[in-house]
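Working notes, structure below.
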Amino acid sequence: MTSVWDLPDFDDHEGVHLFRNPEAGLTAIIAVHSTHLGPAAGGVRFWHYADSNRAITDALRLSRGMSYKNAMAGLPLGGGKGVVLASRPGEAISHAQLEAFGAAVESLGGRYVTAEDVGMSEASMKVIATRTKHVSGLPVAAGGAGGDPGPYTASGVYQGVKAAAKRGLGVDSMAGVHVAIQGVGSVGGGLARLLAADGAKLTLADVNGDKAKALAAELGAATVPTEEILALEADVVSPNALGAILTAETIAALNTKVIAGGANNQLATREDGSRLHARGVLYAPDYVINAGGIINVGLEYLGQGDRAEVEARIARIPERLIEVWDESDRTGQPASDVADAIARRLIGRG
């Protein structure tokens with residue numbers, strides 16, 4: 001295995017912790033990128049990887065993204081991420097693995113705060129919480145912050161998509177605007193429903209084709225295979241699945257004016273942000289537009305607000321995007337580079 005320090009996505013992380021509990025069947029990584037603003041907050045995902053280097057790379061990239069996301073959202077939190085490795089695709093995480101991961105989180109003494117991500121649920125967080133207090137995204141009473149972050153992420157992405165459409169297309173309404181949505185899980189599906197209510201024209205794609213077809217039937221949308229969605233002729237392309245999907249090849253094939261979606265780490269490399277900029281595609285940096293979920297669970301953990309405060313902070317996501325786009329216009333730098341520079345200044349690395 002390549003040394004962690006030699007991986008391209010190692011970015012002076014404060015800690016990269018590897019955990020193994022054979023009895024529980026746990027193999028996990030917790031990457032702590034920065035605690036400059038506060039404890040390193042970020043969800044834990046359960047996923048199958050082809051090899052351990054890919055799992056560690058995912059944790060490195062996601063934890064850095066959480067540092068930037070939390071900083072840009074104005075939260076007193078640093079950035080971290082947990083990854084629990086599945087032994088095969090489609091496997092469900094076990095009760096024993098969840099308990100063991102909770103113990104791993106607890107061993108870090110509060111430097112890392114976990115929450116729900118891909119392959120996890122509110123029920124998963126409840127099990128993890130039996131082994132550590134450093135967990136958020138737990139079921140809450142009506143009106144409180146916390147719970148499933150998905151709907152809050154979808155709300156922020158929806159507001160960001162509308163801001164991007166106004167900026168990139170010059171429209172004040174989503175009625176008739178063609179949005180191609182990649183991934184119709186909690187975030188992409190929620191986004192699709194919100195846009196459908198506005199009268200947007202939708203085309204959906206998901207690795208689970210039946211899920212995409214069912215949602216399309218509900219909303220009066222079209223579907224295409226996942227390998228076609230990014231190159232589809234559309235006003236807005238919205239990635240809401242896994243990351244690293246904007247590459248030299250996919251960017252060259254784009255047939256849209258706007259990229260705005262909730263997937264983490266959409267750019268495969270930093271250079272891909274420059275490629276989008278060179279093509280004149282308006283890009284909404286992912287960790288700015290998709291901050292709704294961490295705003296929700298972050299305020300829950302910090303005890304700093306109720307649902308009304310969460311919604312008020314999510315409503316400021318378009319303002320942060322506009323700040324990035326304005327500076328991009330002034331400097332000629334890609335929006336992705338501008339957002340990174342702002343975030344790095346906020347975490348003391350500017």
Side-chain angles (χ1 to χ4, degrees), residues 8-14 31-42 60-81 152-153 156-157 159-164 166-168 239 243-244 246 258-278 280-296 298-299 302 304 310 312-350:
D9 290 290
F10 182 79
D11 182 43
D12 291 333
H13 283 67
E14 293 179 12
V32 175
H33 179 257
S34 171
T35 57
H36 180 79
L37 295 176
L60 293 175
R61 287 171 61 87
L62 290 164
S63 59
R64 179 181 58 211
M66 290 308 304
S67 285
Y68 292 1
K69 183 184 301 189
N70 292 334
M72 293 293 275
L75 294 170
L77 295 168
K81 203 73 177 186
Y152 296 94
T153 304
V157 173
Q159 295 177 56
V161 166
K162 290 196 296 181
K166 183 172 184 179
R167 183 82 171 211
L246 294 173
V258 176
I259 298 284
N264 288 310
N265 297 323
Q266 294 169 28
L267 302 175
T269 68
R270 179 177 177 177
E271 290 73 24
D272 293 312
S274 298
R275 292 186 177 100
L276 284 175
H277 186 69
V281 176
L282 182 73
Y283 175 60
D286 45 47
Y287 56 80
V288 181
I289 194 174
N290 70 10
I294 193 63
I295 290 172
N296 176 50
L299 291 182
L302 295 165
Q304 292 185 357
V310 170
R313 292 198 184 205
I314 291 174
R316 294 200 287 271
I317 286 175
E319 298 173 15
R320 290 189 284 274
L321 288 169
I322 291 168
E323 176 189 355
V324 170
W325 293 328
D326 283 348
E327 186 169 333
S328 176
D329 286 347
R330 286 195 304 270
T331 63
Q333 296 298 307
S336 53
D337 287 355
V338 168
D340 285 356
I342 295 172
R344 292 187 72 82
R345 289 196 295 269
L346 291 171
I347 65 172
R349 299 190 184 187

Which atoms form the tightest heavy-atom contact between [X] and [Y], and what is the distance?
{"X": "Asn290", "Y": "Gly262", "result": "ND2-O, 3.0 Å"}
{"X": "Leu246", "Y": "Ile259", "result": "CD1-CG2, 4.0 Å"}
{"X": "Ala71", "Y": "Ile347", "result": "CB-CG2, 3.9 Å"}
{"X": "Gln159", "Y": "Pro318", "result": "O-CG, 3.8 Å"}
{"X": "Tyr287", "Y": "Gly65", "result": "CB-O, 3.8 Å"}
{"X": "Ser328", "Y": "His277", "result": "OG-CE1, 3.8 Å"}

Subject >> Reference residue Arg270; test salt bridge (Lys or Arg N to Asp or Glu O under 4.0 Å); the match among Asp337, Asp9, Asp340 >> reply: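 Single salt bridge (Lys or Arg N to Asp or Glu O under 4.0 Å) partner of Arg270 among Asp337, Asp9, Asp340: Asp337.
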
Is there a side-chain contact between [X] and [Y] (heavy atoms, below 4.5 Å)?
{"X": "Ile317", "Y": "Val157", "answer": "no"}
{"X": "Ile314", "Y": "Asn296", "answer": "no"}
{"X": "Ser336", "Y": "Tyr283", "answer": "yes"}
{"X": "Arg167", "Y": "Leu321", "answer": "no"}
{"X": "Asp11", "Y": "Leu60", "answer": "no"}

**OP:** Verify whether one side chain among Tyr68 and Asp286 offers a donor that lies under 3.5 Å from an acceptor in the other.
**Re:**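 Looking only at side-chain atoms, Asp286 and Tyr68 do not form any donor-acceptor pair under 3.5 Å.
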
Subject >> side-chain contact (heavy atoms from CB on, under 4.5 Å) evaluation trace for Gln304 with Leu75 >> reply: CA-CA 10 Å; Gln304 292 185 357; Leu75 294 170; over 6 Å; no

Original post:
Quick check: does any side chain N or O of Arg320 sit under 3.5 Å from a backbone N or O of Met72, one acting as donor and the other as acceptor?
Top reply: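 Here the side-chain-to-backbone pair exists.
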
